[in-house]
Amino acid sequence: MKNVFVDSSKAKQFLPNGAVESLKEKVLTAQQELEQGTCPGNDYLGWLHLPSEITPEFIAEIQATSDVLRQECDTIVVAGIGGSYLGARAVIEALGNSFAWLANKGENPNILFAGNNIGEDYLYELTEYLKGCRFGVINISKSGTTTETALAFRLLKKQCEEQRGKETARRVIVAVTDAVRGAARTTADKEGYKSFVIPDNVGGRFSVLTPVGLLPVACAGFDIAELVRGAQDMEKICATAPFEENPAHQYAAVRNALYQAGKKIEILANFQPKLHSMNEWWKQLYGESEGKDKLGIFPAAVDFTTDLHSMGQWIQDGERSIFETVVSVERPAHKLLFPHDEENLDGLNFLEGKRVDEVNKMAELGTCLAHVDGGVPNVRIVMPELNAYYLGQLIYFFELGCGISGRVLGVNPFNQPGVEAYKKNMFALLDKPGYEAESKAIRARLS
């Protein structure tokens, strides 16, 4: 069976001979630090062997809860922000039918997302839409006090209770939160919600293979056992493969070698529109893990061929501070052929009988050649198919590659001190109790 693999040949040609190999010892040391728990942030390494620790019984418990929600709801709102929703959204959109939600057809409930912004119009429109729905809520928050998520959940809880009654609401609201602490845990215990625990040693952006991601994915009707199996197999590959054949090692080494060579921006690209939200998950994973101590590659993302008509010019001819990582899917799930047209006004009859994916693959190859010719190093991550198994492989590969890459860079990949700065200012400006001094200082700056 094929596995997700990395082809960095068109990146290495931009580097001095042996540049990637020179990082081998640092990469192996980083892996050893993770395994032995001797690195900074070692209290957040629960993700490292999480796939192999997931039991069939645990998957069955999540599946049983999802069955209740699926039976009682036509719509499920996932309330969470950052790592509390991006991974689930990435998997659901990658595996789902792009248009089924428009007609609300099929056996699967619509999965909507809230708690990831403070947009009043968005929340108003969501609550208006839900007036016609048998909806439930998955509230994902370790503390229960993250502003965006807590605000959305307060609205959703009230509406669910008013629309469906408190007894039904108790069955269709599920909490994914801390085991013993926090407002979300207190609410779950008080109201009698079914709950799952976010492990203390797994940070949000590494939590997609916990109930944070698995429960929404199961509610959407997808095979979480296959997702986990893919991650388990990638965990084994990355634990045993030598440096030269280890996908996580190679990715971590080549991106650090490119960074040292002056490539400060990594653009993650795909030619499969279903991977748009996977790009968003990856941006958080790498941006929040590596962007600290005035260091780190800036993670950007594009959807090709769409963004070739907007960002393509800059990527081709702009400042040469970038490299490109392309997630390439070898085989599509469906088959669609170009038809014949008698008038041929668009001049496309030369494509008659070809699969649409063949055209897409030639666009991918042509883009790679053009960008490499234009001075953009290219790393290619290949998925044999876009299914739950290979998504599990991709997720674990990116997680391990991130942990190793951050340690090679010399930062703590598992904290996020910079995230708190805006919150302090926001709370002070909103006159939150306890922020009086900060409020006075900020208002003096603004006057």
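Residue numbers count from 1 along this sequence.
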Examine K264 relative to F298 and say whether NZ or CZ is less than 6.0 Å from the centre of the six-membered ring and inside a 45° cone about the ring axis.
-> no
Pairwise side-chain contact, V77 with L130, heavy-atom cut-off 4.5 Å (strictly under) = yes
Side chain to side chain contact (heavy atoms under 4.5 Å, CB included) filter on A150, not counting sequence neighbours, yields none
Is the shortest distance from a Lys or Arg side-chain nitrogen in E330 or K361 to a carboxylate oxygen in the other one below 4.0 Å?
-> no
Within 45° of the axis and under 6.0 Å from the centre of the six-membered ring of Y251, does NZ or CZ of R255 qualify?
-> yes
Qualifying side chain to side chain donor-acceptor pair (under 3.5 Å) pairs with a residue from residues 78-91, counting only residues at least two apart or across chains = R89-E93
Any side-chain heavy atom of I140 within less than 4.5 Å of one from T149?
-> no
Can you check whether N139 reaches V176 side chain to side chain, under 4.5 Å on heavy atoms?
-> no
Enclosure of Y124 OH (heavy-atom neighbours >12, cutoff 6.0 Å) | no
Within a strict 4.5 Å, meaning less than it, do heavy atoms of the P109 and T75 side chains meet?
-> no
Would you call R171 and E72 a salt bridge, using N to O less than 4.0 angstrom?
-> yes
Check ion pair K335-D357 (N to O, under 4.0 angstrom) = no
Is it the case that K194 places NZ or CZ above or below the six-membered ring of F196, under 6.0 angstrom from the centre and within 45 degrees of the axis?
-> yes
Mind listing the side-chain donor-acceptor pairs of residues 18-30 below 3.5 Å, one per line with the distance, residues two or more places apart or on another chain?
| unit_1 | atom_1 | unit_2 | atom_2 | d |
| --- | --- | --- | --- | --- |
| S22 | OG | A19 | O | 2.6 |
| K24 | NZ | E244 | OE2 | 3.4 |
| T29 | OG1 | E25 | O | 2.8 |

